Every structure is written in structure tokens, then in C-alpha cells.
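Some notes on the structure that comes next.
Keep in mind that what you see is a predicted model, and the values were worked out from it rather than measured. Computed over heavy atoms, backbone and side chain alike; hydrogens, waters and symmetry mates excluded.
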Amino acid sequence: MTILHERSLKLILPDGVKGRKFDDSDHGISHCMKAVDFIVEEPHRILFIELKDPDHPRAKPKDRKRFLEEFLTGKKDDDLIRKYRDSFIYLWAEGTIDKLDKPIFYYVLIATSHLDEAMLLARTDVLKRNLPLEGPPSGSWKRKIVGGCAVFNLETWNQHMSQYPAKRTTP
């Protein structure tokens, strides 16, 4: 079993699943490229996972409120999209993507109970359009740059991604 930590959250990976913290000092070029928090490799796909924790026990109510407003109005979209794209480019540049030859799925976990399923679906649709999930209308791309994406809260994550339970740790 592997446990990946981000602030007061942990993601538990079962035995046999490789995962690593990607947004750390080993990244090496955080001054110009953003990174997803975790990369998890399954037998048939790769997961890029980004965690945001507005309900962190030490978060100030005004910071939580501001984050949620910015998230719901799309002000966080560019940051989330750039994290995926920069991580993809990073793995492409080091040759990892070609070696693995697996689709990459992007999952964003917003650890809060203040987002309902309709809000999560709306933000997922924005990610799909802007990554972009389908590529250009011409169909000229031979490969997809993202196999799929979704935005979750803790409850929906643990329902849909139960093989990787997310839990809050004590601060």
C-alpha cells in the first residue's frame, strides 16, 4: 500500500499500483511549469490527480469562500488546465508518455462539502472543452492528449474512485 499526502489529505493506493507526488522539489522547473499533485500508474491508464483543500481545518472562512467563488466562476480554470498541460508536456519531454503508451485521465478533487453534483459536472464540462478532450474539429490529431477528466468532491471521489480512498488526516 502507498499513501500519497497533500496537506491534510491522503490518498491510499492499493498494493501493486504505482503512484508518486509530482508537485514537489524533484519536479525541478516549478518556476516556469505547473504540475499536478500526483501521478498514478494503473495497468491500462495513467491518472493525473490534482487536490484542492478549501475545507482544510486551518483554512480561514474568508479564504474558503473566496476559493469556492473563484472555482465556480471559472477563475481557477486556467490554473487547473495549465497543471494538466504542463504535466503532460513534462512527461512527453522526458519520454515517459511514449514508453507507457496509455491514456491519461485528469481528476481534480476539491475537498469540500460545498459543491454539489451539478456544480462538479459543470466544472468537468469546462475542463473537457478546454484541455481539449476531443481535439480539433478537423480530426487531424492521431492521438488524444487526455483520455478523460472529472471534478470530484470528497464524497463523489470516494464513491467513484473507491479503489483510491481519500481521507482527511489530522492537521
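- Inter-residue side-chain proximity for R168 and D55 is flagged as met; some heavy-atom pair is nearer than 4.5 Å.
- Using a distance-only test at 3.5 Å, with no hydrogens or angles considered, no donor-acceptor pair links the side chain of S8 to the main chain of T169.
- Ion pairing between R82 and D79 fails under the 4.0 Å rule for side-chain N and carboxylate O.
- Within a 6.0 Å sphere centred on CH2 of W92, heavy atoms belonging to other residues, nucleotides or ligands number 12 at most.
- Salt bridge absent: K128 and E134 never bring a charged side-chain N and a carboxylate O closer than 4.0 Å.
- Y84 pairs in a ring pair (Phe, Tyr, Trp, His ring centres under 6.0 Å) with only one of the listed residues (Y107, Y90, F105, F48), which is F48.
- Shown here for D63 and R66, the closest heavy-atom pair between the two residues is OD1-NH2, 3.2 Å.
- At least one side-chain heavy atom of I145 sits less than 4.5 Å from a side-chain heavy atom of P132.
- The shortest side-chain heavy-atom distance between E6 and L11 does not fall under the 4.5 Å cut-off.
- In terms of heavy atoms, N158 sits closest to A166 at OD1-N, 2.8 Å.
- Under the 3.5 Å distance criterion, the side-chain polar atoms of T156 are left unmatched by any main-chain donor or acceptor of F152.
- Salt bridge annotation for K102-E41: present, with a cationic side-chain nitrogen under 4.0 angstrom from a carboxylate oxygen.
- W157 and L68 are members of different hydrophobic clusters when ILVMFWY side chains are connected at heavy-atom separations under 4.5 Å.
- No side-chain donor-acceptor contact under 3.5 Å links D86 to the backbone of M33.
- Put simply, the side chain of H114 reaches to within 4.5 Å of the side chain of R64, judged on heavy atoms.
- Between R20 and F22 there is a side-chain heavy-atom pair separated by less than 4.5 Å.
- Under the 4.5 Å side-chain heavy-atom criterion for ILVMFWY residues, no single connected hydrophobic cluster contains both I3 and L9.
- Using a 4.5 Å heavy-atom cutoff, the side chains of L51 and R7 are not in contact.
- Between T96 atom OG1 and I46 atom CD1 the span is 8.0 Å, to the nearest 0.5 Å.
- Both I81 and F67 belong to a common hydrophobic cluster when Ile, Leu, Val, Met, Phe, Trp and Tyr are linked at side-chain heavy-atom distances under 4.5 angstrom.
- Checked by atom type and distance alone, the side chain of Y106 pairs as donor or acceptor with a backbone atom of L80 at under 3.5 Å.
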Check: Given the rule in the side chain to side chain contact (heavy atoms under 4.5 Å, CB included) test, do I104 and V146 qualify, once you have shown the distances and angles that lead to the verdict?
Finding: CA-CA 5 Å; I104 301 171; V146 62; 5.6 Å; no
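- The shortest distance between side-chain heavy atoms of N153 and E117 does not fall below 4.5 Å.
- Listed for the T112 side chain is no donor-acceptor partner under 3.5 Å among the backbone atoms of P54.
- Here the rule is side-chain contact (heavy atoms from CB on, under 4.5 Å) with F38, and of L47, D23, L4 only L4 fits it.
- Screening L127, L131, L133, D125 for a side-chain contact (heavy atoms from CB on, under 4.5 Å) with R129, the sole residue that qualifies is D125.
- How far NZ of K18 is from CG of L13: 12.5 Å, rounded to the nearest 0.5 Å.
- Taken together through direct or relayed side-chain contacts under 4.5 Å among Ile, Leu, Val, Met, Phe, Trp and Tyr, V17 and I39 form parts of separate hydrophobic clusters.
- By the 4.5 Å heavy-atom criterion applied to side chains, V108 and V36 are not counted as neighbours.
- Rounding to the nearest 0.5 Å gives a distance of 9.5 Å between CG of D37 and CG of L109.
- Evaluation of the ring pair (Phe, Tyr, Trp, His ring centres under 6.0 Å) rule for Y164 yields no partner, not counting sequence neighbours.
- V126 and I49 fall into different hydrophobic clusters, where Ile, Leu, Val, Met, Phe, Trp and Tyr residues are linked whenever their side-chain heavy atoms come under 4.5 Å apart, directly or through other members.
- Taking all atoms of both residues into account, the shortest heavy-atom contact from S162 to P165 is O-CD, 3.4 Å.
- One distance of note links CE of M119 with CG of L72; it measures 5.5 Å at 0.5 Å rounding.
- Between the CG atom of L115 and the CG atom of L121 there is a distance of 11.5 Å, given to the nearest 0.5 Å.
- Looking at K83, R123, K76 one by one, the single match for salt bridge (Lys or Arg N to Asp or Glu O under 4.0 Å) with E50 turns out to be K83.
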